[in-house]
Structure formats: structure tokens, C-alpha cells
Amino acid sequence: MSSAARTPDRHPGLHDSAFLKAARGEAVPHTPVWYMRQAGRSLPEYLRVREGIGMLESCMDADLVTEITLQPVRRYGVDAAIFFSDIVLPLKAVGVDLDIKPGIGPVVASPVRTLADVEAIPDLTAEHVPFITAAVRALVGELGATPLIGFAGAPFTVASYLVEGGPSKEHAKTKAMMFGAPDVWDALMRKIAGIAAAYLTVQVEAGASAVQLFDSWAGALTPADYRQHVMPHSTRVLAAAGELGVPRIHFGVGTSNLLPLMGEAGADVVGVDWRTPLDSAIPLVGDRGVQGNLDPTLVFAPTDVMTARAAEVIEAGRAAKGHIFNLGHGVIPSTDPAQLERLTEFVQSYPLD
Ligand code: CP3
């Protein structure tokens, strides 16, 4: 059964949205644009509704999730919404003791070290995340023909938070487990992949029309290690989303050497950070679309400098099977929303013929 059949209340214009067309590699009326971390601290209306409410607490409040997800769509008129949540939310939902600390990121109370630690993490079912189902359903109704992107953290990136206990530059403990305790590593990656697949399934069944798998820290790996220790698990997650019939975007940071493998893992669109020019990335991803990749600091440049660089990104993207415009990583919190508004307008009105 197709995902469309599961969600009969989808807007008739959704299928023909520029975002979904580009994700499928079809011709588009304009280059679709959205921004990673578009819902968040760069928006005054976000800071207002979040006042006095913890990050994870707000992710578990369906009304707040709905409001925060819609804020950048209202302000910028972007071509897609991304569901407001975090990559560690599903772990919190199954009972892992963790928090998201402002200015730091996810912090895990008891880092995972042994097979017993892995086995103590429950698998995720829809009953763990009723607020997700409720928020996605509400959003799909509000968004009409604007697609909602569901997302999950990829097994390697989520494993890094679980094993390190918090953010890490080197991912040394994580890679020590990968190299030195392959049985524990395999069990952990299977556990996280199962949770991510279940989490994406909940979002798609409730109405999300595309998914993005964030493997933000995969760039720490050599291609051989990625292929052997990580890729099979990400492949399982992407395959689960593929079975639901929605396009899959696969993104990482510093992954120029992994782009072919990230595509092969089962992506329809490969996200490219700003360090790799799109014209070098496109031949590497094969018969797939690309997403990206304006340097997120360019929004701090004069508008004409920013738009000239955006034009280069759009022009380079034309050689791809499909191109979704984005920043090369998330919106920096001090970004001026007015500048993103100008960027959105520029991309959407850039002539393609
Ligand atoms: O893109 C969106 O607008 C949707 C929301 C979203 C958040 N996190 C909200 C958030 C998404 C897609 C994420 C994914 C995420 N979370 C990733 C992958 C994407 C990436 O940036 O590479 C990662 C690595 C995390 C882990 C995480 N959560 C970090 C590193 C941080 C930042 C810590 C900080 O305060 O500097 C978070 C917290 C977080 N996630 C915030 C938001 C809006 C900030 C929390 C706040 O407002 O207090």
C-alpha cells in the first residue's frame, strides 16, 4: 500500500509541489528552497513561544511543535516545512535519560558502553510518540500543498551522542567501540536503526511527504569504515522509508569523500555541505538529486554578495537530476531573518529557462 493511500487527506497540490518534483528528479517551475534549522533560535517568534520551556519538553508538546514548524513557513514562504524535533527525541521517548542543554546540545546521563547497556534501550513504537502523530496530522492539515519533511538522526551520529555522553569533536569513544568491540557496536547500530526506522514510519504514516536522515558527524569516517561499520545500518533506515513511498534525503557534514556511498545507501537526494562545490558533488552522487549548499555564513554578507553566491549554487545545481536549495548546514542562530527572507525570494524567482 502506498503512503498516499494511508493518508487520504493529503492536499491534491502536494504531489506537484516544486520540492517533491525536485526530489523525484522532475522538471520544476522554480528551484525549491528550505533551510536546515529553519525553525529555531534565529526567529524572535520561536524564542517567544519557547520562553521558560525546555527544548525536549517543547518537542513533546504537539501544539508547540505545530506552531514552531509553521513559523518559518509563514515568515519565509519556504517550499517545505521540517518537523520541529531533535535527533535525540526518539531516545528520550523510549526512556533514555538525556537532556538538550542550551549552547551545548544533547547530554546523556549514562553513556552506552556494554551490550547490556544497548539491550536496556527499548525499541520504539507509535505508543511512545503520540505527540508526534498528533503534530504531524495537525501540520499536514495546516500546510496544505506545502510538503512536510520528517527526519531522524542516522545511526552513527546518534550513536556518537549515546557513547560519548554528549557532543564530541573526535568521536574517539564511539570509534573505539566501532573498532574494538564490534559486537557491541553492531548491536547498538541495529538498535538505533530500528528506532530511526520506526520513528520515520510514524511520521510518514501521519502524513510527512519526504524524510531526511541526518548523519551530521559521518564525515569523521573513512569511506572503508563508513562502508563496513555504518552504511548497512543507514541503508536499513532508508529502505524502511523507501517502502513507504516517500523521497529520502541523506545529509552529512564534511562528507565529500562519502557522497557516493551516502547515495548508494538508498537516498533519492544527497545533501551536500558548503565545503564541496555542487559541480564536484553532482557526478559523485550518481543518478540522484542533490540538496544544498550555500555557506550558512553568507547570510551575514551584503545581500548582493549573498545572492550572487546563491545564483552560483542554483546554476551548478542545474546539472543534477534534481536540486533542492538549502544552506550547507543549519541556520546559524544569529542569522537575520530578513536576510533569509530575501534569499528565499531570490531563489524562488530565479529564472530557470
Ligand atoms: O531543522 C529544523 O528546523 C528542525 C529542527 C531540528 C532541531 N535539531 C532543533 C533543535 C533538527 C532537524 C535538528 C537535528 C539535529 N539535532 C542534528 C542534525 C542536524 C545538524 O545540525 O547537523 C544534530 C546534530 C542535533 C543535536 C543537537 N540538538 C545540537 C548539536 C543542538 C544545538 C545545541 C546548541 O544549543 O547550540 C541541539 C539543540 C537544538 N535542536 C536546538 C534546536 C532548535 C536549539 C535548542 C534551543 O532552542 O534551545
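Order of listing sets the numbers, starting from 1, for every ligand and every atom in it.
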Under-4.0 Å salt bridge between E142 and R74
no
Looking only at protein heavy atoms, which one is nearest to atom 36 (O) of ligand 1, and what is the separation?
R41 NH2, 3.4 Å
Looking only at protein heavy atoms, which one is nearest to atom 48 (O) of ligand 1, and what is the separation?
R50 NH1, 3.5 Å
For atom 18 (C) of ligand 1, what is the closest protein heavy atom, and at what distance to 0.1 Å?
S216 OG, 3.2 Å
What atoms of ligand 1 come within less than 4.0 Å of a heavy atom belonging to I82?
1 (O), 2 (C), 3 (O), 4 (C)
G103: heavy atom below 4.0 Å from ligand 1, yes or no?
yes
Heavy atom of P72 under 4.0 Å from ligand 1?
no
Taking only non-hydrogen atoms of F84 and a 4.0 Å limit, the atoms of ligand 1 in range are 43 (C)
What I'd like to find out is whether the side chain of T307 reaches to under 4.5 Å of the side chain of R342, using heavy atoms alone.
no
Measuring only between side-chain heavy atoms, which start at C-beta, is L238 closer than 4.5 Å to R248?
yes
Determine the minimum heavy-atom distance between P247 and L20, stating which atoms define it.
CG-CD2, 3.9 Å
Are any non-hydrogen side-chain atoms of F251 and V269 less than 4.5 angstrom apart?
no
Answer side chain, backbone, both or neither: which part of F83 comes under 4.0 Å from ligand 1, heavy atoms only.
backbone
4.5 Å side-chain heavy-atom contact, V88 and L162
no
Under 4.0 Å from a heavy atom of Y46: which atoms of ligand 1 are those, numbered in the order shown and with their elements?
43 (C), 46 (C), 47 (O)
for atom 11 (C) of ligand 1, nearest protein heavy atom and its distance come out as F151 CZ, 3.6 Å
With the 4.5 Å side-chain cut-off for hydrophobic clustering, are F214 and W274 part of the same group?
no
Proximal ligand 1 atoms for Y161, defined as those under 4.0 Å from one of its heavy atoms:
24 (C), 26 (C), 30 (C)
For atom 8 (N) of ligand 1, the closest protein heavy atom turns out to be D86 OD1, 3.1 Å
Closest approach of any protein heavy atom to atom 7 (C) of ligand 1, naming residue and atom
S85 O, 3.1 Å
Quick note on ligand 1: atoms under 4.0 Å from a heavy atom of M36 include exactly 1 (O)
Looking at side-chain heavy atoms only, is the closest gap between W34 and Q212 below 4.5 Å?
yes
Would you call P106 and D86 a side-chain contact if the rule is heavy atoms closer than 4.5 Å?
yes
Can you tell which part of R37 has a heavy atom less than 4.0 Å from ligand 1: side chain, backbone, both or neither?
both
Have a look at I100, T157, L213 and point out the one with the heavy atom closest to atom 38 (C) of ligand 1.
I100
Nearest protein heavy-atom contact for atom 42 (C) of ligand 1: which residue, which atom, what distance?
M55 CE, 3.5 Å
Would you say that I132 contacts V136 through its side chain, given a criterion of any heavy-atom pair below 4.5 Å between the two side chains?
yes
May I ask you to identify, for P106, whether its side chain, its backbone, both or neither come under 4.0 Å of ligand 1 on a heavy-atom basis?
side chain
Of the listed options (G105, S160, A39), which comes nearest to atom 33 (C) of ligand 1 when hydrogens are ignored and any heavy atom counts?
G105
Indicate yes or no: at least one non-hydrogen side-chain atom of V313 is less than 4.5 angstrom from one of V347.
no
Look at atom 23 (C) of ligand 1 and find which of I104, I68, I87 reaches it with the closest heavy atom.
I87
Starting from atom 21 (O) of ligand 1, locate the nearest protein heavy atom and write down its residue, its atom name and how far away it is, to 0.1 Å.
H329 NE2, 3.1 Å
ILVMFWY network linking L89 to I100, side-chain heavy atoms under 4.5 angstrom
yes
Which class fits the ring pair Y226 and H250: parallel under 30°, tilted 30 to 60°, perpendicular over 60°?
tilted
Determine, using heavy atoms of Q212 and all atoms of ligand 1, whether some pair is separated by less than 4.0 Å.
no
